[in-house]
2 protein chains.
Amino acid sequence: MSHDDVYPASLQCGDCPIRHRAVCARCEANELDELESVKYYRSFEAGQTVIWSGDKMDFVASVVSGIATLTQTLEDGRTQMVGLLLPSDFVGRPGRDRAAYNITATTDILMCCFRRRPFEEMMERTPHIAQRLLQMTLDELDAAREWMLLLGRKTAREKIASLLSIVARRDASIRHRRTDNRLTFDLPLTREAMADYLGLTLETVSRQISALKREGVIELEGKRHVTVPDMQRLLIEAGDDSDGGLIV
Amino acid sequence: MSHDDVYPASLQCGDCPIRHRAVCARCEANELDELESVKYYRSFEAGQTVIWSGDKMDFVASVVSGIATLTQTLEDGRTQMVGLLLPSDFVGRPGRDRAAYNITATTDILMCCFRRRPFEEMMERTPHIAQRLLQMTLDELDAAREWMLLLGRKTAREKIASLLSIVARRDASIRHRRTDNRLTFDLPLTREAMADYLGLTLETVSRQISALKREGVIELEGKRHVTVPDMQRLLIEAGDDSDGGLIV
DNA sequence: ACCAGGATTTGACCCATATCAAGCAAGGCA
DNA sequence: TGCCTTGCTTGATATGGGTCAAATCCTGGT
């Protein structure tokens, strides 16, 4: 198994808290040691805004724990989520000194930051960092484009089912909390955040979730805890290709 | 002026037709000479599909002339454009051997291709290629995210106005065909393609264009030739921040 | 110049989702 | 304990944009 298989979306290593994933040969490499001196941690509480679009951003960072969102807004307040930052996701733009989006913590989060200039300088000297970043960015671009299909062409019900299946899959790939093909997980987002993600209103989100529950596609315990009795069924509701996505 | 200013989105050089832009010192560098042996050209007629999503794609490429689109489709045929390839834009995914989208020529196009493996090998050895690609990919990601805001939160009228202003701006930045603040250009897309871009139906696109014309926001000559008498007005219709975008 | 077929426009109607508004449930705090 | 706040659900109604259908406009081919 290659380094990239073990660390699909992380530049972290050494004493960075993220190392719980595994120990990795490349982490010992001195290129990364060089970053130690410019590394620092920042934490934010749920609801806090990490940075506003247009503000000066003199660091790049990786999420260590918690969830944050990237959002864009129109002047009149309409807002659209354009990215979701999960643990090990990277944020920041080598070569740009302004944030392009609002970054908001939706849970308490811890971020591992590097000062931007030293990071860029190191990137110029060590090819594999740029390559790693390129892979991650390409993955994000793919995700963004899939999301565009959802925003532009899916119905409200399909949007909800898609979001649920994404969260379910993501969750399942981390903890293996699965009995046959029942999946169970907590929604990490409020109804409003889901609406911003999907380009809907929170009322529509609520109605569609109720409908899916009524029809037995999902089961709800409280407002956040979801169990999916039949993943295949959910994927069909999502309108996705019946790809092998259920084999998490 | 740096190399990157002259070649904002191109890896092309040497005898590649794109060199009309300028002559560039870096083009002589032997890293790129190395690519000569694996370079070839392909051309497609308007309407032809370059590659289908999921097909084997053993090359990366840069558009030399013409326009192509990246689209994704749902099983029932609903389709969403997720990217627009203009001259000098790059396509292909180092590290992935399957196309993720349908690529379709909307005009006759010429592409400059490199076989994927050799390209990747070269990228591993020469840092600035990966860095260049990273910058380009980050720009695409930004564009995709702006597009997500459009798809999720803008009205049909705003979507059309946004598209028109994007095309106008893009066009103006190439040829300087501007009298005071009147801009004039040809739409490179059919109504259907615009609909796929914007997540609308072609009827709605048509109606909104008619409405903008009726209200004097744009003028039409035939179906394709547009002139914008007042760019500021169009930007307001687009619902964008009244940023300095009109200074093209 | 004439014709055929595709692209575009326009109209009538309908439906999915937004909007506005009220009520409910759970947790924090006086 | 009861009040408030926050997040969620549900209902009634409005409307933007989709759907279906027909008319018109271009354009290339003969």
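Heavy-atom basis, side chains included; hydrogens, waters and symmetry copies ignored. Below, read A as the first sequence line, B as the second, and so on, with proteins coming before strands; counting in each chain starts at 1. As the structure is a computational prediction, the values presented were derived from the model and not from experiment.
Computed from coordinates, the K159(A) NZ to dA16(C) C1' distance equals 11 Å when rounded to whole Å. We find that CZ of R207(B) is positioned 8 Å from C1' of dG17(D), with the value rounded to whole Å. The CD atom of E192(A) sits 9 Å away from the P atom of dC8(D) (whole-angstrom rounding). For the pair L200(A) CG and dG16(D) P, the computed distance is 18 Å after rounding to whole Å. Going from atom NZ of K213(A) over to atom C1' of dC8(D) covers 11 Å, rounded to whole Å. Atom pair R153(A):CZ and dA16(C):C1' shows a separation of 15 Å (rounding to whole Å applied). Straight-line distance from the CG atom of L151(B) to the P atom of dG17(D): 13 Å, rounded to whole Å. Following rounding to the nearest Å, D186(B) (CG) and dC26(D) (P) show an atom-to-atom distance of 15 Å.
Within the 4.0 angstrom heavy-atom criterion, only backbone atoms of the sugar-phosphate kind lie near T190(B); the bases stay farther away. No contact: R78(A) has no heavy atom under 4.0 Å from any strand. At a threshold of 4.0 angstrom between heavy atoms, the contacts of S210(B) are confined to the sugar-phosphate backbone, with no base atom among them. Counting any heavy atom pair closer than 4.0 Å across all strands shown, R224(B) reaches sugar-phosphate atoms only and no base atom. Across all strands shown, G47(A) has no heavy atoms under 4.0 Å from either base or sugar-phosphate atoms.
Take the nearest nucleotide of DNA chain C for E203(A) and for T155(A): the residue whose nucleotide is more 5' is T155(A).
Side-chain atoms of Q80(B) come within 3.5 Å of backbone N or O of Y197(B) as a donor-acceptor pair. Judged by distance alone, with hydrogens and angles left aside, the side-chain atoms of R145(B) form a donor-acceptor pair with the main-chain N or O of V82(A) at under 3.5 Å.
The pair K159(B)-E237(B) does not count as a salt bridge, with every side-chain nitrogen at least 4.0 angstrom from each carboxylate oxygen.
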